[in-house]
Asker: 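Input: one structure, supplied below.
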Amino acid sequence: MEAFLIVLALVALLVIVTLIKSVRVVQQQTVGIVERFGKFKVGLQPGLNLLTPFVDKVRYTIDMREQVVAFPPQGVITEDNLMVSIDSVIYFQVNDPVRATYEISNYIQAIEQLTMTTLRNIIGGMDLEQTLTSREEINEKLRYVLDEATGKWGIRVNRVELRSIDPPPSIQDSMEKQMRADRDKRAAILTAEGMRQSAVLSAEGQKQSAILTAQGDRESRILRAQAEREARILKAQGEAQAITTVFNAIHAGKPDQGLLAYQYLQMLPSIAQGDSNKLWIIPSEIGKAMEGLGSAVGQIAGIPQKAEGPFPEPHEVEQAAPAQELTSTPDAAVAEADNAVQEAIEAAQKAAVSSRSQQSAPASSTSPTQDVVPPTTPPPAQ
């Protein structure tokens with residue numbers, strides 16, 4: 001009984017091992033290379049696959065995704081005998097897993113060595129400046145050569161990138177100095193151009209400012225001259241209008257010789273009261289002088305004996321009432337005029353007496369003197 005159980009356990013173990021050997025699961029984007037007795041049998045696709053146990057064997061598992069391989073920096077000599085260090089990155093993808101397995105033993109190492117030799121061949125035909133400025137051209141040439149060489153291996157090179165191109169330190173220092181000098185030169189040129197443009201703009205601004213200032217002064221002087229001319233014209237017109245108004249008002253009142261005599265007598269006290277009058281002489285025959293005042297004044301040019309002619313009255317209503325009162329009461333006006341004349345005569349006599357008493361020197365030795373024509377009595381009113 002125990003032997004039977006042992007045999008049964010061995011059979012069960014064998015069945016389990018057989019199932020394990022016959023069932024294989026392959027991941028997505030992965031292909032398994034199956035060999036039977038050392039010979040390629042089939043490629044396993046992603047998913048669950050059944051194999052012949054103890055006969056078929058999964059030799060390789062190939063990743064079908066695009067892969068990225070970065071190679072370490074490699075020294076490359078340029079055409080002008082300068083050593084530059086270049087490191088690159090290769091993007092490739094396995095198209096045929098069978099050929100990638102059996103056509104090349106290690107396709108990654110093969111791609112690396114092929115990249116190094118191709119870079120040396122391409123960079124060797126370029127100088128340093130072309131190498132630094134022709135990166136896209138180098139990438140394209142390198143990708144073309146690698147894709148052509150790896151095509152028989154079932155590999156497709158999609159892209160090649162040069163990560164860095166490092167020249168020697170001495171060359172880098174020289175290049176930095178050259179670049180710095182070039183930039184300093186461009187900066188100096190730009191500074192000079194800026195200063196020139198600034199000077200030109202400043203000169204143009206000063207020119208425009210001077211022109212505008214001159215134009216403003218000219219217009220200001222013209223406006224001031226026009227304003228002064230108009231002011232003078234308006235002033236002259238105002239004076240002319242005032243003279244015309246006064247002239248018309250005087251002639252509208254129709255003054256006569258009696259009024260002129262009255263005005264003359266009113267001025268005598270003012271003349272006598274002056275501070276600078278040292279001597280004021282009034283003849284003793286003041287009465288006869290007053291009688292001849294009307295005839296003397298009547299002989300003055302421009303003053304008629306009696307005003308005639310139509311004269312418009314001033315345009316003021318307030319002056320109309322006194323004029324009517326004077327014309328309505330002629331006797332009262334004459335009486336007031338006589339009283340004013342008598343008062344003026346008395347004031348003149350008193351001023352003459354007081355001035356003679358204060359002056360002891362003769363009249364010829366006093367200075368300054370003022371001769372006043374003695375007034376005469378106006379003729380009686382008609």
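We use all heavy atoms of the structure for the numbers below, so side chains are in, but hydrogens, waters and symmetry mates are not.
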Asker: Just checking F40: does its CZ atom have more than 12 heavy atoms from other residues, nucleotides or ligands closer to it than 6.0 angstrom?
Answerer: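 Enclosed: over 12 neighbouring heavy atoms sit under 6.0 Å from CZ of F40.
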Asker: Look only at the side chain of D87 and the backbone of S85, and say whether a donor-acceptor pair between them is shorter than 3.5 Å.
Answerer: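 Not at all, since once roles are kept as given, no pair shorter than 3.5 Å links the two residues.
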Asker: Is a side-chain N or O of T118 found less than 3.5 angstrom from the main chain of T115, in a donor-acceptor match?
Answerer: no
Asker: Atom CZ of residue position R163 - does it have more than 12 heavy atoms of other residues, nucleotides or ligands inside 6.0 Å?
Answerer: yes
Asker: Could you go through the side chain to side chain contact (heavy atoms under 4.5 Å, CB included) check for V55 and K41 one step at a time?
Answerer: CA-CA 10 Å; V55 176; K41 174 66 170 59; over 6 Å; no
Asker: Report whether L132 and V76 are members of the same hydrophobic cluster (ILVMFWY, side-chain heavy atoms less than 4.5 Å apart, transitive linking).
Answerer: yes
Asker: So, applying side chain to side chain contact (heavy atoms under 4.5 Å, CB included) with I111, which one of V69, I90, V160 is it?
Answerer: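 Among V69, I90, V160, the one that satisfies the side chain to side chain contact (heavy atoms under 4.5 Å, CB included) with I111 is I90.
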Asker: Is there a donor-acceptor pair under 3.5 Å between the side chain of Q172 and the backbone N or O of P167?
Answerer: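 A pair under 3.5 Å: yes.
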Asker: D166: what forms a salt bridge (Lys or Arg N to Asp or Glu O under 4.0 Å) with it, not counting sequence neighbours?
Answerer: none
Asker: Let me confirm one number: the CE-CG distance from M64 to N95, rounded to the nearest 0.5 Å.
Answerer: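 It is 6.5 Å, given to the nearest 0.5 Å.
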Asker: I104, V31: one ILVMFWY side-chain cluster at the under-4.5 Å cut-off?
Answerer: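 As far as the 4.5 Å side-chain criterion goes, V31 and I104 are connected within one cluster.
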Asker: For a 4.5 angstrom cut-off between non-hydrogen side-chain atoms, does Q74 reach I86?
Answerer: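 No - every pair of side-chain heavy atoms lies 4.5 Å or more apart.
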Asker: Can you tell me if T101 uses its side chain to pair, donor with acceptor, with the backbone of P97 under 3.5 Å?
Answerer: yes
Asker: For the CZ atom on R59, are there more than 12 heavy atoms of other groups (residues, nucleotides or ligands in this structure) within a distance under 6.0 Å?
Answerer: no
Asker: Could you tell me whether the side chain of S209 and the main chain of G205 form a donor-acceptor pair under 3.5 Å?
Answerer: no
Asker: Hydrophobic cluster mates of M83, side-chain heavy atoms under 4.5 angstrom, ILVMFWY only, any path?
Answerer: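 M83 clusters with I77.
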Asker: For N248 and T244, indicate whether the former's side chain and the latter's backbone hold a donor-acceptor pair under 3.5 Å.
Answerer: yes
Asker: Mark yes when over 12 heavy atoms from residues, nucleotides or ligands other than Q27 sit less than 6.0 Å from its CD; otherwise mark no.
Answerer: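 No.
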Asker: Got a sec: does the OH of Y102 have more than 12 other heavy atoms crowding it under 6.0 Å?
Answerer: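 Yes - once you tally the heavy atoms of other residues, nucleotides and ligands closer than 6.0 Å, there are more than 12.
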Asker: Do you reckon M116 sits in the same ILVMFWY cluster as I165, going by side-chain contacts under 4.5 Å, direct or chained?
Answerer: no
Asker: Would you check if the side chain of E161 reaches a backbone N or O of N139 as a donor-acceptor pair within less than 3.5 Å?
Answerer: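 Answer holds: no.
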Asker: Identify the residue among T78, L142, L128, L82 that makes a side chain to side chain contact (heavy atoms under 4.5 Å, CB included) with I123.
Answerer: T78
Asker: State plainly whether the residues E140 and R143 are in salt-bridge range, i.e. N to O under 4.0 Å.
Answerer: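 Counted as a salt bridge, because a side-chain N and a carboxylate O are separated by less than 4.0 Å.
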Asker: Tell me whether the count of non-hydrogen atoms from other residues, nucleotides or ligands lying under 6.0 Å of CD in Q241 goes above 12.
Answerer: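 No, not enclosed.
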Asker: Would you say V26 ends up clustered with I33 if hydrophobic residues are merged whenever their side chains have heavy atoms under 4.5 Å apart, either directly or through other cluster members?
Answerer: no
Asker: Looking at Q178, I'd like to know if its CD atom is crowded, meaning that more than 12 non-hydrogen atoms belonging to other residues, nucleotides or ligands lie closer than 6.0 Å.
Answerer: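 At most 12 heavy atoms, drawn from other residues, nucleotides or ligands, come within 6.0 Å of this atom.
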Asker: Just wondering, more than 12 heavy atoms not from E129 lying within 6.0 Å of its CD?
Answerer: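 For E129, atom CD is not crowded (no more than 12 foreign heavy atoms under 6.0 Å).
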Asker: With a 4.0 Å cut-off, would you call R232 and E228 a salt bridge?
Answerer: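 Yes, this pair counts.
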Asker: For residues E103 and D96, determine if any side-chain heavy atom of one lies less than 4.5 Å from a side-chain heavy atom of the other.
Answerer: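 Heavy-atom side-chain distance check fails, nothing below 4.5 Å.
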